[in-house]
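Worksheet: the structure to be examined is printed underneath.
Read the numbers this way: they start at 1 and go in the same order the structure lists the ligands and their atoms. Since the model is a prediction, treat every value here as computed from it, not as a measurement.
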Amino acid sequence: MAGKFTAPKIRALKGRQKIAVLTAYDTSMAKVMDDAGIPMILVGDSLGMTVLGYESTLPVRLEEMLHHARAVVRGVTSAMVIGDMPFMTYHASTADAVRNAGRFLQEAGVDGVKIEGGASRADTIRTLIENGIPVLGHIGLLPQSVRATGGYRIRGKTEEDVERLLADAKAVEEAGVFAMVLEGMPSDVAAKITAGVSIPTIGIGAGPSCDGQVLVVNDMLGFTEKPPRFVKRYADMGEQMKKAFAQYRAEVEGGEYPAREHEY
Ligand code: KIV
């Protein structure tokens, strides 16, 4: 592996190599991803649903994100690790955003942060970057705005909304993001955005034309009962773990475990 992935290295992959991104929330999972050559790992605020049992990402607090980001960073040597700025950590003021993003880098050791939002977040993104904090943009369907939008709604279904998304993409590009997530939009819209910006686009539910893809690890490993349609299950770990737990229970109850060879 040729050294650590950084914002400039990820940015330089546009047009040369598709970028496979995954979320992670703990050391052991992050280590396996790093060993598999995943170049960028997102400590997503999807943590709220995948690990903490919340109904949405809104209750996730910065302290929870820092705790899990530290664990991920400890498992990684090559991948770029991105901390997802949770709801209300960058909304009230730019000073808040700088302070909270700074904590991600200083206290958790991540390599950059992700911010949801387009043109309306451009000034915040610019200030973070001026302060030496690499930013991954995130436009399209914005889970932190689910209360305002009334649900997880696909974007870009009207010409007016497509224009808004194109303007958002330009705004975050001009603000200096090294790459941007495109979430929940028709593939032709994502293709248009991808062709119109000089930085990599990382799609989730945005079709095959993006410069990379990101999946929530629990979805792709088969832990999520009803994952979104765009998810491909690369393994059925939920089922395999259930089998292992049931076998363990049966063997403990039946006195088969531990056997002689398992004694210290
Ligand atoms: O929180 C998350 O996991 C994310 C990705 C789905 C992009 O924001």
Side-chain angles (χ1 to χ4, degrees), residues 10 19-26 29-30 33 38-62 64-69 71-72 79-91 100-101 104 108 110-118 121 125 134-146 149 151-155 165 168-169 172 177-185 190 193-194 199-207 210-221 223-224 226-234:
I10 296 286
I19 305 164
V21 183
L22 285 170
T23 68
Y25 318 100
D26 64 51
M29 199 68 89
M33 286 175 195
I38 296 293
M40 185 155 74
I41 296 177
L42 171 68
V43 188
D45 63 356
S46 48
L47 167 79
M49 286 103 98
T50 54
V51 175
L52 302 179
Y54 300 146
E55 295 241 316
S56 74
T57 59
L58 299 188
V60 178
R61 288 177 297 111
L62 182 61
E64 292 168 323
M65 290 299 300
L66 291 175
H67 178 76
H68 286 269
V72 168
M80 181 178 191
V81 179
I82 301 296
D84 205 1
M85 295 280 281
F87 185 55
M88 280 301 138
T89 58
Y90 57 96
H91 303 67
N100 291 327
F104 253 123
V110 302
D111 306 301
V113 298
K114 177 167 82 59
I115 294 252
E116 286 189 14
R121 299 287 171 217
I125 292 170
V135 179
L136 173 64
H138 182 161
I139 67 166
L141 191 164
L142 304 177
Q144 290 176 9
S145 300
V146 72
T149 53
Y152 297 91
R153 303 203 189 291
I154 296 296
R155 295 286 310 274
L165 288 172
D168 279 342
V172 298
V177 298
F178 68 90
M180 71 177 89
V181 170
L182 305 183
E183 179 164 359
M185 64 183 71
I193 293 173
T194 300
I199 50 170
T201 58
I202 311 292
I204 175 158
C210 298
D211 298 302
Q213 298 290 325
V214 55
L215 282 176
V216 170
V217 66
N218 292 50
D219 293 346
M220 63 93 76
L221 288 183
F223 284 105
T224 312
K226 284 189 192 151
R229 232 178 22 171
F230 60 79
V231 171
K232 176 171 175 183
R233 277 193 174 196
Y234 283 84

Judged by heavy atoms only, the candidate from Asp45, Leu22, Val21, Thr50 nearest atom 1 (O) of ligand 1 is Asp45
For [X], which part has a heavy atom under 4.0 Å from ligand 1: side chain, backbone, both, or neither?
{"X": "Glu116", "answer": "neither"}
{"X": "Leu47", "answer": "neither"}
{"X": "Thr23", "answer": "side chain"}

Numbering as shown, the atoms of ligand 1 that approach Lys114 to under 4.0 Å (heavy-atom distance): 8 (O)
In ligand 1, which numbered atoms sit nearer than 4.0 Å to a non-hydrogen atom of Gly44? 1 (O), 2 (C), 3 (O)
Is there any N or O on Asp84 that sits under 3.5 Å from an N or O of ligand 1? yes
Do any N/O atoms on Tyr25 end up under 3.5 angstrom from N/O atoms on ligand 1? no
Looking at [atom], what's its closest protein heavy atom, distance included?
{"atom": "atom 3 (O) of ligand 1", "value": "Ser46 OG, 2.5 Å"}
{"atom": "atom 7 (C) of ligand 1", "value": "Leu42 CD2, 3.8 Å"}
{"atom": "atom 6 (C) of ligand 1", "value": "Ile204 CD1, 3.5 Å"}

Side chain proximity check, Leu221 to Met29, heavy atoms < 4.5 angstrom: yes
Do we see a donor-acceptor contact under 3.5 Å between the side chains of Asp219 and Thr224? yes
